[in-house]
There are 2 protein chains.
Amino acid sequence: MAETVTLMKTAQAGESFPEPAQKGDAEKRGRKASKEVRQLQLIEATIDSLAKRGYSETTMADVADGAGLSRGIVNFHFESKEKLLVATLQHMYDEYSAHWRGALQKAGDDPARQLQALVAADFDRSICNKRKLAAWCAFWGEAKSRPTYQALSGSRDAAYQNHFVALCQALKADGGYGFDPQGLALALSAMLEGLWLRLMMGTEDTTRETALQAANEFLASAFPKHYPLTPAGKPREA
Amino acid sequence: MAETVTLMKTAQAGESFPEPAQKGDAEKRGRKASKEVRQLQLIEATIDSLAKRGYSETTMADVADGAGLSRGIVNFHFESKEKLLVATLQHMYDEYSAHWRGALQKAGDDPARQLQALVAADFDRSICNKRKLAAWCAFWGEAKSRPTYQALSGSRDAAYQNHFVALCQALKADGGYGFDPQGLALALSAMLEGLWLRLMMGTEDTTRETALQAANEFLASAFPKHYPLTPAGKPREA
DNA sequence: CATAGTTTGTTGAACATTCATTCAAAATCT
DNA sequence: AGATTTTGAATGAATGTTCAACAAACTATG
């Protein structure tokens, strides 16, 4: 793994427009800052294109047009199309990772709360929207045949999985359940990914709310002592 | 829906190897085979190519080479690349559909048995192998941006989902559980799809057996009265 | 401060490659 | 012979990449 394109994230440039007028960044030169902004702008345009046209029909021209720039610009900031896509995947991966870690932090020390927070985080609007899900799916479709993508394509990586196993173990010890923590954790995270897939396809009437309810239904079934059922199918409110 | 390419399934075409060069040279070299055999041969070659190179790199030439035939042959049997891919997806869809219906039939009348059979069917070798899973994933990645694929891309369709809901309802009535059948059924089928995705990526040490165990762990947790836990994490043997 | 020179960023056209499709001729079957 | 299937080269369109010229921002120097 020679080079991993890593970008500094300046603020959360995620959803809104990048402000054209960057103030006098005392230390940074306007030029250098502009470079990172440009790259982020191109990455966002790439996500747009992936979501709208799919992986196989995403072209350099479409990305450039989407960013409102000229054709050759992408090869200047990213060496090739391949590297642009890797950088885009890396960006989404970093964002997802930061998001669930943040949610975990906010959840406090109670394992039951933490697990519920992790699950809920997956369906947060900032992460779970048509555009991003479609982009994820586009990469999944190519991951198996591209070694470069494989490591990053599972947004739910080993660290994520370890957290789930640990939480299942903690709840088991506390509630005296009979399941195997490893297996149940796998079932849980797989279900979250599967729900993402459903939302992505968007054919059925599955919405973010429906999906979250289904996930909570799972929690209530597997950990009845920690998540008592309510009529709405939603565990106790925070 | 003008034309749905429906193919007769002659025997079970090779599951084991991605064999690019067909060795069963029973007849003369590639010459003159029945139209249906040739179409099936090309579809199998398409699945091979999708699995090996991914959707975006699957070319007509690669398919033709994989089938050991000439370049122009695909446009003769299938009008275009698009139609070849739709026929391939249709073929996989039909196969999957027939498989779970067969498993359900064999399971008898007991809902608990039926549900377990449906889950186990998903991890049967004939359906759940690297080659097929990779092909499924390739289509998933393109489905959102191609209306033609959407209907077929969810191998788990409305009929499948309805069976799950009905079984969850039956078990709830029998066991006095508190869950919402609709939600739990969604969680269940999403988990199965998510486990497929894990198997496909193949990065971790997730195997077909591990995945099936995780799914059974889910069943045991959600329906404790119907699937008592055993040390192996696997519900009672049939 | 002003000016010239250098670096950095951007453009758009040209180029080379890949690939789906077409089709006339050949091969094979009825 | 006539119909059907197969071949392989030709064609044209799409697309990633390169590059020479240009513009803007920055630096050095007078």
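Each chain gets a letter, A, B and so on, in the order the sequences are listed, and its residues count up from 1.
- Between the P atom of dG8(D) and the CZ atom of Phe76(B) lies a distance of 16 Å, rounded to the nearest Å.
- The CG atom of Leu85(B) sits 12 Å away from the C1' atom of dA20(C) (whole-angstrom rounding).
- Set against dG16(D), dT7(D), dT17(D), the side chain of Asn75(A) has dT17(D) as its closest nucleotide.
- At least one side-chain heavy atom of Glu95(B) sits less than 4.5 Å from a side-chain heavy atom of Lys132(B).
- Glu57(B) has its CD atom 20 Å from the P atom of dA14(D), to the nearest Å.
- Phosphate proximity of dC19(C) to Lys81(B): absent, as no side-chain N or O sits under 4.0 Å from OP1 or OP2.
- The interatomic distance linking Glu36(A) (CD) with dG9(C) (P) rounds to 11 Å, in whole Å.
- The separation between Phe78(A) atom CZ and dT17(D) atom P is 13 Å, rounded to whole Å.
- Taking atom CZ on Arg38(B) and atom P on dT4(D), their separation rounds to 17 Å, with Å as the unit.
- Remark: P of dT5(D) and CG of Leu69(B) are 14 Å apart, rounded to the nearest angstrom.
- Distances from the side chain of Met60(B) to the nucleotides dT10(C), dT6(D), dA20(C) place dA20(C) closest.
- When each of Gly72(A) and Arg53(A) is assigned the nucleotide of DNA chain D with its nearest heavy atom, Arg53(A) is the one assigned upstream, toward the 5' end.
- For dT18(D), neither phosphate oxygen OP1 nor OP2 lies less than 4.0 angstrom from any side-chain nitrogen or oxygen of Arg71(A).
- Distances were taken from every side-chain heavy atom of Ile73(B) (C-beta onward) to each of dT10(C), dT7(D), dC19(C); the shortest belongs to dT7(D).
- Side-chain atoms of Lys81(B) come within 3.5 Å of backbone atoms of Thr58(B) as a donor-acceptor pair (strictly under, hydrogens ignored).
- Two residues are said to be in side-chain contact when any heavy atoms from C-beta on lie closer than 4.5 Å; Phe139(A) and Leu50(A) meet this criterion.
- In this structure, Arg156(A) is not positioned above the aromatic face of Trp100(A) in the sense of NZ or CZ being under 6.0 Å from the six-membered ring centre and within 45° of the axis.
- Taking atom NZ on Lys83(A) and atom P on dG16(D), their separation rounds to 16 Å, with Å as the unit.
- Set against dT18(D), dT5(D), dT6(D), the side chain of Lys35(B) has dT5(D) as its closest nucleotide.
- A side-chain donor from one of Glu209(A) and Thr207(A) sits under 3.5 Å from a side-chain acceptor of the other.
- You'll find that the side chain of Ser80(A) is closest to dT17(D), out of dT7(D), dT10(C), dT17(D).
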